[in-house]
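These numbers come from a predicted model, not from an experiment.
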Amino acid sequence: MAAFEFTALDHQGKQHKGTLEADSGRQVRQMLRDKQWTPLSVSSLADRRRSDTAGKKLWLRRGMSAIELATVTRQLATLIQAAMPVEEALNAVAAQQEKRRIKNLLLAVRSRVLEGYTLAKSLEAFGDVFPPMYRATVAAGEHSGYLDRVLDRLADYTEARMRSGQKVQQALVYPIILMVASVGIVGFLLGFVVPDVVKVFLDSGQELPLITELLISASTGFQIWWPVLLGTFVVLIVSLRYLLQKEAIRLVWHQTLLKLPVIGRFVRTANAARFASTLSILTRSGVSLVEALVIAAQVVSNDAIRLAVQESAKRVSEGSSLNWALAETGYFPPLMLHMIASGEATGELDQMLERTAQNQQMELEGRITIMLGLLEPLMLVFMGGVVMLIVLAILLPILNMNQLLS
């Protein structure tokens, strides 16, 4: 039995769209006719996905947000804990969804389960929605017989990642607004206010202070060249994004970021936190350490660190300890390595990885708080300094003029 998406007209001519499960498209059309509806189109979700992927369309490729994925995972875990079969749990969760995109996705997964595939294998057909870490964890849960517990851990992990991202986004709102306002105010002053004010000084013919002449030059240049400046900025951003799509250039860029004093420390902490949390949930769910390392490397955003982790996975597969393999990379903090070494020595690596993940996440949030706490006053000082220079450039000629008159 497969899932089919249909479009049909009822007896009043109103168009309806929805999803039905049947053995064939012909059966779906017959089911619609039994309701006295006229079928306009019937398409298999799986076939439609394959054709759209080949055509580079975005159907079912938008994925799910973190909160949507966490909600779906939590609902599945609850139903499976209630001893409901996987296919029935998927059907119930699909019926719960208000967004047709997510409902169709879950029904398509259910269709593969009904065909005899495991849940993890069914999720592989939608790899752009369910990441490798998610699928590997589900596979480990099915293999161990504790799928409900594993899904609960996955929901916790996804919700924790979501909360961490929300904290960063909320903390960035004020600095971004302040930056945009600063650029807008300075641009308005240079483009509209300053020209009218300094025109009086130019007409008077008096000798102007250096700071005023520089301001006039900046204002004149801004009025003439602002389209060029804006275009150059856009071209630089687009060019940078294009260049960073090339692996060799992106690797050099990521290596450079790691060498910067403040940014490098932040990048290492952020990637260590993401790596540790992913490795923790994979090992606790029963995934082998080598496989967990390979999967966890994929969630690392920095290419240099990712390559180092992949090399560590090879060393572990050859018999090296996890602590030594990660220490050789030089990218992970000593405290994290000591905790992993302790876990390996005591045979409690799973629990120690979980503590490491929590420790790294707390350190990351602390660094984000410190950086944003410094950024806000620095931007205010910068904005105040720019405004002060503009005010001085305007006031100095006025004071000189008053001195001449007196």
Applying side chain to side chain donor-acceptor pair (under 3.5 Å), run through Y134 and T73 and close with a yes or a no.
-> CA-CA 10 Å; Y134 192 100; T73 306; 2.7 Å; yes

All pairs passing salt bridge (Lys or Arg N to Asp or Glu O under 4.0 Å) where residues 222-237 contributes a residue, at least two apart =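 The answer is none; no pair qualifies.
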
Do [X] and [Y] make a side-chain contact, defined as non-hydrogen atoms from C-beta onward lying under 4.5 Å apart?
{"X": "R306", "Y": "V299", "answer": "no"}
{"X": "S277", "Y": "Q360", "answer": "no"}
{"X": "R100", "Y": "N104", "answer": "yes"}
{"X": "E159", "Y": "R74", "answer": "yes"}
{"X": "L119", "Y": "V109", "answer": "yes"}
{"X": "R101", "Y": "L105", "answer": "no"}
{"X": "Q310", "Y": "V294", "answer": "no"}

If you look at every heavy atom in [X] and [Y], which pair is closest and at what distance?
{"X": "P333", "Y": "A272", "answer": "CD-CB, 4.2 Å"}
{"X": "L364", "Y": "A273", "answer": "CD2-CB, 4.1 Å"}
{"X": "A292", "Y": "V287", "answer": "N-CG1, 3.8 Å"}
{"X": "P39", "Y": "A8", "answer": "CA-CB, 3.9 Å"}

Pairwise side chain to side chain donor-acceptor pair (under 3.5 Å) hits with a residue in residues 78-87, at least two apart = Q81-D152

Residues 279-296 vs side chain to side chain donor-acceptor pair (under 3.5 Å), sequence neighbours excluded, gives S280-R284

Please table the atom pairs, donor to acceptor, closer than 3.5 Å between any side-chain atom in residues 241-260 and protein atoms at least two apart or in another chain.
unit_1	atom_1	unit_2	atom_2	d
R250	NE	D303	OD2	2.6
R250	NH1	L244	O	2.8
R250	NH1	Q245	O	3.3
R250	NH2	D303	OD2	3.3
H254	ND1	D303	N	2.8
T256	OG1	V252	O	2.8

Determine, step by step, whether L32 and T38 satisfy the side-chain contact (heavy atoms from CB on, under 4.5 Å) criterion, reporting the C-alpha distance in whole Å, the side-chain angles of both residues, the deciding distance to 0.1 Å, and the verdict.
-> CA-CA 7 Å; L32 295 173; T38 302; over 6 Å; no

Pair Q361-Q358, side-chain contact (heavy atoms from CB on, under 4.5 Å): steps then yes or no = CA-CA 5 Å; Q361 187 62 38; Q358 294 173 353; 5.7 Å; no

Show the numbers, then the answer: is there a side-chain contact (heavy atoms from CB on, under 4.5 Å) between N359 and M336?
-> CA-CA 8 Å; N359 178 271; M336 176 179 175; over 6 Å; no

Just to verify, what does [X] make a salt bridge (charged side-chain N to carboxylate O under 4.0 Å, His left out) with, not counting sequence neighbours?
{"X": "E363", "result": "R367"}
{"X": "K121", "result": "E124"}
{"X": "K35", "result": "none"}

Charged N-O contact under 4.0 Å between R110 and E88 |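 Looking at R110 and E88, the cut-off is not met.
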
State the [atom1]-[atom2] distance between [X] and [Y], to the nearest 0.5 angstrom.
{"X": "L106", "Y": "Q75", "atom1": "CG", "atom2": "CD", "value": "9.0 Å"}
{"X": "L282", "Y": "T137", "atom1": "CG", "atom2": "OG1", "value": "4.5 Å"}
{"X": "N302", "Y": "R274", "atom1": "CG", "atom2": "CZ", "value": "10.5 Å"}
{"X": "L353", "Y": "I281", "atom1": "CG", "atom2": "CD1", "value": "12.5 Å"}
{"X": "W37", "Y": "Q15", "atom1": "CH2", "atom2": "CD", "value": "11.0 Å"}

Give a yes or no on whether Q298 atom CD has more than 12 heavy-atom contacts from other residues, nucleotides or ligands under 6.0 Å away.
->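 Result for CD/Q298: enclosed.
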
Please indicate whether R355 has more than 12 foreign heavy atoms, meaning atoms of other residues, nucleotides or ligands, lying under 6.0 Å from its CZ.
-> no

Just jot down the side chain to side chain contact (heavy atoms under 4.5 Å, CB included) partners of A89, sequence neighbours excluded, or say none.
-> L76, L79, I80, M84

For E348, check side chain to side chain contact (heavy atoms under 4.5 Å, CB included) against everything at least two apart and list the hits.
-> T346, Q351

Do S342 side-chain atoms and M339 backbone N/O form a donor-acceptor pair below 3.5 Å?
-> no

R135 side chain to L123 main-chain N or O, any donor-acceptor pair under 3.5 Å?
-> no

Does any pair with a residue in residues 75-118 pass ring pair (Phe, Tyr, Trp, His ring centres under 6.0 Å), and if so which ones, sequence neighbours excluded?
-> none

Please tabulate, for side-chain N and O atoms in residues 321-332, each donor-acceptor pair with protein atoms closer than 3.5 Å (sequence neighbours left out).
unit_1	atom_1	unit_2	atom_2	d
S321	OG	W324	N	3.2
T329	OG1	L326	O	2.5
T329	OG1	Y331	N	3.3

Yes or no on side-chain contact (heavy atoms from CB on, under 4.5 Å) for L289 and L349, after CA distance, side-chain angles and deciding distance?
-> CA-CA 10 Å; L289 181 58; L349 181 60; 4.2 Å; yes

Quick one: list whatever passes side-chain hydrogen bond (donor to acceptor under 3.5 Å, both in side chains) with S301, sequence neighbours left out.
->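 With sequence neighbours excluded, S301 shows a side-chain hydrogen bond (donor to acceptor under 3.5 Å, both in side chains) to N271, given in chain and number order.
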
